[in-house]
Amino acid sequence: MGGGIQWLVDQDDWRYGVVFARGLAPEELGVRMGGVPGSVVAPITDTEAWHMILDLATDDDDVVRVGACGGWSFAVEYGLGDGGRRLAEISRSGVEAIHLEPALDHPPAMFSYARDGEDLCGFGIGEEVWRWGDQPDLLLPELIAAGVLHPDGEYARSENEPYRDRDRHTLSLIEARFGLSLPRDEVETLRLPAFVIG
């Protein structure tokens, strides 16, 4: 079952990054993120992943849990996560890759998109006027059509829009553009294959 990605902003705290990859199996995504095959013997739950992070007690080790939904593999990051830094490498050989990062210590949340080894487009969710990458305006038509930006690239939405509504609006257009879905029940309650990222 799907569920889109907008539910990420409805959590009390959006606490983990997510990497999506089209053209890779979930286990290969975990390895491209720096996981060691067999580093977690059995699939684990969300709670068990957080306990592993506490048990590792180091900034050098993270955990990712992997799965698939809607033609995309996904990896949920626990710990500091560096999926954004590895995105071009994850996307090599014709793969598409997306990173959504909550950026709890320094908002805004971030969106990044890479394809075939190139960082194509990225922006802060809520700060879409500042875009970067080899094709920074790749999503400009969607941002304009959704009423996030004017055709001149300036903000179109109200400054008084609540941040969760604002973030949900942008996640909605990213979800529609790429056909992304992250199954909430699966991520929050089921056991998924996992890797320690060192």
Side-chain angles (χ1 to χ4, degrees), residues 1-21 33 46-47 49-50 53 59 62-65 67 69-70 72 74-87 90 96-114 119-133 135-189:
M1 175 155 201
I5 59 173
Q6 298 171 53
W7 64 267
L8 290 168
V9 299
D10 294 327
Q11 301 175 87
D12 287 334
D13 58 342
W14 176 3
R15 61 190 183 273
Y16 39 67
V18 183
V19 174
F20 294 91
M33 290 183 69
D46 179 69
T47 301
W50 285 116
I53 290 299
D59 289 341
D62 296 320
V63 173
V64 297
R65 295 171 59 231
C69 186
W72 290 82
F74 63 82
V76 179
E77 299 176 302
Y78 298 82
L80 296 178
D82 67 349
R85 186 178 61 79
R86 296 176 186 251
L87 206 59
I90 292 167
E96 289 181 89
I98 291 172
H99 186 235
L100 298 173
E101 179 182 9
L104 296 173
D105 295 332
H106 191 282
M110 305 297 281
F111 159 81
S112 300
Y113 173 67
D119 289 315
L120 295 181
C121 179
F123 51 79
I125 297 173
E127 295 185 357
E128 297 85 355
V129 294
W130 296 293
R131 299 174 305 281
W132 57 83
Q135 297 178 29
D137 293 338
L138 182 69
L139 269 64
L140 187 58
E142 286 86 353
L143 292 164
I144 293 167
V148 174
L149 298 177
H150 288 296
D152 64 3
E154 293 300 317
Y155 285 117
R157 58 184 168 211
S158 167
E159 291 179 18
N160 298 324
E161 184 177 16
Y163 80 92
R164 282 190 179 179
D165 293 345
R166 176 202 70 200
D167 291 359
R168 187 178 298 103
H169 195 176
T170 298
L171 285 178
S172 172
L173 74 90
I174 293 167
E175 176 184 301
R177 168 66 164 79
F178 295 102
L180 295 178
S181 189
L182 185 65
R184 185 173 190 166
D185 289 342
E186 193 172 326
V187 169
E188 292 183 342
T189 62

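Reckoned from all heavy atoms, side chains included, excluding hydrogens, waters and symmetry mates.
Nearest heavy atoms, Gly4 versus Ser181: N-OG, 3.1 Å. Across every non-hydrogen atom of Ala97 and Leu87, the tightest pair is CB-CD1, 3.5 Å. Pairing each heavy atom of Gly83 with each of Ile90, the nearest pair is O-CD1, 4.2 Å. A pairwise comparison of heavy atoms in Val63 and Ile53 identifies N-CD1, 3.7 Å as the closest pair. Of all heavy-atom pairs spanning Ala75 and Val64, the tightest one is CB-CB, 4.4 Å.
The shortest distance between side-chain heavy atoms of Phe20 and Leu100 falls below 4.5 Å. Side-chain contact between Tyr163 and Pro108 is absent, with no heavy-atom pair separated by less than 4.5 Å. Taking 4.5 Å as the limit, some side-chain heavy atom of Leu182 sits within range of a side-chain heavy atom of Trp7. Residues Glu96 and Trp72 have side chains in contact (heavy-atom distance under 4.5 Å, counting atoms from C-beta outward).
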For residues 170-178, please give each side-chain donor-acceptor pair under 3.5 Å, one per line with the distance, not counting sequence neighbours.
from   : atom 1 : to     : atom 2 : distance (Å)
Thr170 : OG1    : Glu128 : OE2    : 2.6
Thr170 : OG1    : Arg157 : NH1    : 3.4
Glu175 : OE1    : Ile5   : N      : 2.8
Glu175 : OE1    : Gln6   : NE2    : 3.4
Glu175 : OE2    : Gln6   : NE2    : 3.4
Arg177 : NE     : Glu142 : OE2    : 2.9

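Aromatic ring pairs are classed by plane angle as parallel below 30°, tilted from 30° to 60° and perpendicular above 60°; the pair Phe123 and Phe111 is tilted.
Between Arg131 and Asp137 there is a salt bridge, with a side-chain nitrogen of the basic residue lying less than 4.0 Å from a carboxylate oxygen of the acidic one. Salt bridge status for Asp165 with Arg168: present, with a side-chain N to carboxylate O gap under 4.0 Å.
Between the CD atom in Glu101 and the CG atom in Leu80 there is a gap of 10.0 Å [rounded to 0.5 Å]. Separating the CG atom in Asp46 from the CD atom in Glu188 is a distance of 6.5 Å, to the nearest 0.5 Å. Here the CD atom belonging to Glu154 is positioned 8.5 Å from the NE2 atom belonging to His150, to the nearest 0.5 angstrom.
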task = Run the numbers on Phe74 and Glu186 for side-chain contact (heavy atoms from CB on, under 4.5 Å), then give the verdict.
result = CA-CA 11 Å; Phe74 63 82; Glu186 193 172 326; 4.0 Å; yes
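With hydrogens and angles ignored, the 3.5 Å screen pairs no side-chain donor or acceptor of Trp132 with any backbone N or O of Asp119. Side-chain atoms of Tyr155 come within 3.5 Å of backbone atoms of Gly126 as a donor-acceptor pair (strictly under, hydrogens ignored).
Under the side-chain hydrogen bond (donor to acceptor under 3.5 Å, both in side chains) rule, His99 has a single partner from Arg86, Arg85, Glu77, which is Glu77.
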